[in-house]
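Since the structure comes first, as structure tokens, the remarks are kept for the end.
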Amino acid sequence: SRGLGDVYKRQVKISDWENRVQESLLQAITTYEERLKDISVSVVLSEIDDENKKETHVRRKAQIAVKGKIVSTDQPFHFNTLVYISPLSQ
């Protein structure tokens, strides 16, 4: 059984992972994608409900959203994707 301390530590790890991935993506997009400006990146990690209860691994998915403006037209740009991660190292 996990106590509140374990839950807190796991949430901090998740938050740290989200922040690292968000910062890395923002830096890469800002550096290499010259067609976009006013870029923002959102990363949210969540657990996947697995039908197979025999599995002991915690499966997760990262929802990634990128927003910005297209430089040449000033039109809004939106990109969303899911990345499945299994298992997330503890």
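The structure displayed is predicted, hence computed values, not measured ones. Hydrogens, waters and symmetry mates are skipped; everything else that's a heavy atom, side chains included, is used.
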Using a 3.5 Å cut-off and no angle test, enumerate the donor-acceptor pairs between side-chain atoms of residues 22-29 and protein atoms at least two apart in sequence or in another chain.
unit_1	atom_1	unit_2	atom_2	d
Gln22	NE2	Val41	O	2.6

Interatomic spacing from CD1 in Ile14 to CG in Asn19 - rounded to 0.5 Å: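 If we round to the nearest 0.5 Å, Ile14:CD1 and Asn19:CG are 12.0 Å apart.
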Exercise for review: With rounding to the nearest 0.5 Å, note down the distance linking CG in Asn80 to OG in Ser42.
Suggested key: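 Result: 8.5 Å between the selected atoms.
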Tell me whether Trp17 is reachable from Val83 by hopping between hydrophobic residues (I, L, V, M, F, W, Y) whose side-chain heavy atoms are closer than 4.5 Å.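 Hydrophobic grouping puts Val83 with Trp17.
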message = Assigning hydrophobic clusters by single linkage (Ile, Leu, Val, Met, Phe, Trp, Tyr; side-chain heavy-atom cutoff under 4.5 Å), is Phe79 placed with Val21?
response =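 Same hydrophobic cluster.
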Review item, side-chain donor-acceptor pairs of residues 61-73, under 3.5 Å, at least two apart:
unit_1	atom_1	unit_2	atom_2	d
Thr73	OG1	Gln75	N	3.3

Original post:
Are any of the side-chain heavy atoms of Ile48 and Arg60 separated by less than 4.5 Å?
Top reply: no
